[in-house]
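The figures here come from the full heavy-atom set of this structure, side chains too, leaving out hydrogens, waters and symmetry mates.
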Amino acid sequence: MPRIKKGKRGSNKLGRNGVKGESAASDDELASDVLSHYSSASESASVVDEATGGGGEPVDEQTAQEETEDKLKQCIDNLMDKSAKTRRAALDSLGGAFSSKLLYDFLIERRLTVSDCLERSLRKGGGEEQAAAATVCAQLCVQLGGGDEGEEGFKILRPVLSAIMIDGCASVAARQSCARALGMCCYISAAEDGEDLVKSMSHLESVFTMSYPNREGTLPTPNAGAPGLHSAALHAWALLVTLCPASRITVLLDLHLPKLQACLESSDVNYRIAVGETIALLVELGRDIDREFEFEDSDTLCECLKGLATDGNKHRAKNDRRKQRSIFREVLHYIENEDFSEEKIRFGVEGIYIDSWMRRRVYDAFKEVLESGVRHHLQFNPLLRDIFGLGPPLILDSSVKSSKISRFEKHLFNSAAFKARTKLRNKVRDKRADVM
């Protein structure tokens, strides 16, 4: 799996389109100029900024750090408590801390202990404890990054996450949480040989393909909670598809697009939306490989999408109809005209543009795991900053904080970084082709 360097916390996951040397070089130069205006070599200021709480009032950083670490140590100890209530409270506390803070230095010495405790909760805990533990597994991978440490933890946790997800007797909430965690952990920490990726995708497929039509073309009647589980597994699988080499993506398009089109008739609005977004992502990846790519039954697909984009069925809840129409208008516009509704995510003085279905899937995956803490991680976590092409955390003085980066400058920087990552990514895909 592509990374800046083994053992480091970068990952370089995002990026697909090919690039010609001359234009890429000029974009890279401009992007470098833009970034250099807003950053410096040292990272110490970002730590100080966190310690002051952003309000300018100095605090005793060492004391605050020690208090935080003492609380975290107690939470880790409580993960081994006999009381399920105590273990669950510890998982909730760790999840909140992992979401809102960067704890790499603290966790690097305790990663195996935490991984072992999470594995124990997954194997022996009840449904709620398993669901919470799976979420913390994903957050732990985000904290450790894409180096050897994260890969080491994933080797421990992947088998149990997969086992619970495919276990029909496990609680639906636990299976759903394990599906999300499996996708995120594999995206960040899978080994470079591709074995983890292949196994994880296979297990995810075994879950969401249960929603596919039978031989007679009829969709199965879903059990209680099944659409939510299928949605989580499909979204996690779609995240991992973005890591596949072109040869494998071509196979997946032929295999899954027709079945997914049939699933647009699902009775569950959230699963219909997950299917629509996945179809758009797969078509986008197909067009990245071959500009002339076109889905074999595109006319029928577009008619179905038009129906969902204008659905006025009074039997559906008003909010469900509104949400469905909005998403499927975007999907339809992309399938027909390659139009994408660009979205800007702001954090501090920075921002990223979500300008493709792939970027949206990756951002949404991190948002599902980190919730409200995703913006903090975009500002300070080297893993997310690497994935989204943001470079090292910005070090801003008061004069720079009051200035503005033009939308055009940011767009050029994002574009140049996106292209640079693609070059590395394509090399890795070529190496993986045989494995896949």
Side-chain angles (χ1 to χ4, degrees), residues 9 50 64-65 67-81 83-145 149-150 153-154 156-158 160-161 164-165 170-189 228 232 235-236 239 347 363-381 383-384:
R9 295 164 60 199
E50 281 191 272
Q65 182 72 14
E67 290 178 355
T68 298
E69 291 189 1
D70 287 341
K71 291 177 181 178
L72 290 170
K73 289 174 185 176
Q74 185 60 55
C75 285
I76 294 171
D77 289 341
N78 288 347
L79 290 178
M80 294 175 276
D81 196 89
S83 167
K85 185 177 180 180
T86 301
R87 294 196 303 272
R88 176 62 198 276
L91 287 168
D92 289 343
S93 296
L94 285 176
F98 288 2
S99 172
S100 61
K101 300 177 183 295
L102 294 185
L103 300 166
Y104 179 83
D105 292 336
F106 173 82
L107 289 170
I108 193 64
E109 299 175 354
R110 300 169 177 85
R111 63 190 186 280
L112 295 180
T113 300
V114 176
S115 296
D116 288 342
C117 290
L118 293 175
E119 183 186 20
R120 187 179 297 110
S121 287
L122 288 167
R123 291 191 185 279
K124 299 183 178 181
E128 289 186 359
E129 182 177 341
Q130 288 176 320
T135 297
V136 177
C137 287
Q139 293 170 334
L140 178 64
C141 278
V142 174
Q143 290 281 345
L144 294 177
E149 299 87 1
F154 184 50
I156 295 173
L157 297 169
R158 181 182 62 77
V160 65
L161 289 172
I164 294 172
M165 182 186 67
S171 82
V172 173
R175 296 178 69 191
Q176 197 167 323
S177 187
C178 285
R180 281 194 293 265
L182 182 64
M184 176 55 68
C185 293
C186 185
Y187 182 80
I188 295 172
S189 304
H235 274 148
L239 176 68
F347 44 94
Y363 173 76
D364 284 349
F366 279 103
K367 187 177 179 182
E368 288 165 4
V369 168
L370 298 171
E371 298 180 337
S372 61
V374 68
R375 283 178 166 80
H376 178 80
H377 281 264
L378 282 169
Q379 275 188 280
F380 302 110
N381 189 325
L383 171 72
L384 269 73

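- Here CD of E149 is found 11.0 Å from CG of L107. Values are rounded to the nearest 0.5 Å.
- Here T86 pairs with S83 under the side chain to side chain donor-acceptor pair (under 3.5 Å) rule; sequence neighbours left out.
- The heavy-atom pair separating L94 from L79 by the smallest distance is CD1-CD1, 3.6 Å.
- To the nearest 0.5 Å, atoms CE (M165) and CG (L161) are separated by 8.5 Å.
- Residues L118 and V160 are not in side-chain contact: their nearest non-hydrogen atoms beyond the backbone lie 4.5 Å or more apart.
- D92 meets the side chain to side chain donor-acceptor pair (under 3.5 Å) test with R88; sequence neighbours excluded.
- For the pair H376 and F347, the minimum side-chain heavy-atom distance is 4.5 Å or more.
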Under 3.5 Å, which donor-acceptor pairs do the side chains of residues 67-75 form with other protein atoms, sequence neighbours left out?
| from | atom 1 | to | atom 2 | distance (Å) |
| --- | --- | --- | --- | --- |
| T68 | OG1 | A64 | O | 3.0 |
| E69 | OE2 | Q65 | NE2 | 3.1 |
| Q74 | NE2 | N78 | OD1 | 3.0 |

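- In this structure, D77 CG and M80 CE are separated by 5.0 Å, a value rounded to the nearest 0.5 Å.
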**Message:** Test side chain to side chain contact (heavy atoms under 4.5 Å, CB included) on L144 and F154; report intermediate values, then the result.
**Reply:** CA-CA 11 Å; L144 294 177; F154 184 50; over 6 Å; no
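- Listed by first and then second residue, the salt bridge (charged side-chain N to carboxylate O under 4.0 Å, His left out) pairs that reach into residues 363-372 are R361-E368, sequence neighbours excluded.
- In this view, S372 satisfies the side chain to side chain donor-acceptor pair (under 3.5 Å) rule with no residue, not counting sequence neighbours.
- Scanning all heavy atoms of the two residues, the minimum distance from Q143 to F98 falls at NE2-O, 2.7 Å.
- By the side chain to side chain donor-acceptor pair (under 3.5 Å) test, R123 pairs with E119, sequence neighbours left out.
- In terms of modelled atom types and a separation under 3.5 Å, the side chain of H377 and the main chain of L370 share no donor-acceptor contact.
- If you take CD on E128 and CG on L91, they are separated by 11.5 Å, rounding to the nearest 0.5 Å.
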List, one per line, each side-chain donor-acceptor pair under 3.5 Å for residues 129-141, sequence neighbours excluded.
| from | atom 1 | to | atom 2 | distance (Å) |
| --- | --- | --- | --- | --- |
| E129 | OE1 | R87 | NE | 3.3 |
| E129 | OE1 | R87 | NH2 | 3.0 |
| E129 | OE2 | R87 | NE | 2.9 |
| E129 | OE2 | S121 | OG | 2.8 |
| Q130 | NE2 | L122 | O | 2.7 |
| T135 | OG1 | A131 | O | 3.3 |
| T135 | OG1 | S177 | OG | 3.1 |
| Q139 | NE2 | G95 | O | 3.4 |
| Q139 | NE2 | V369 | O | 3.1 |

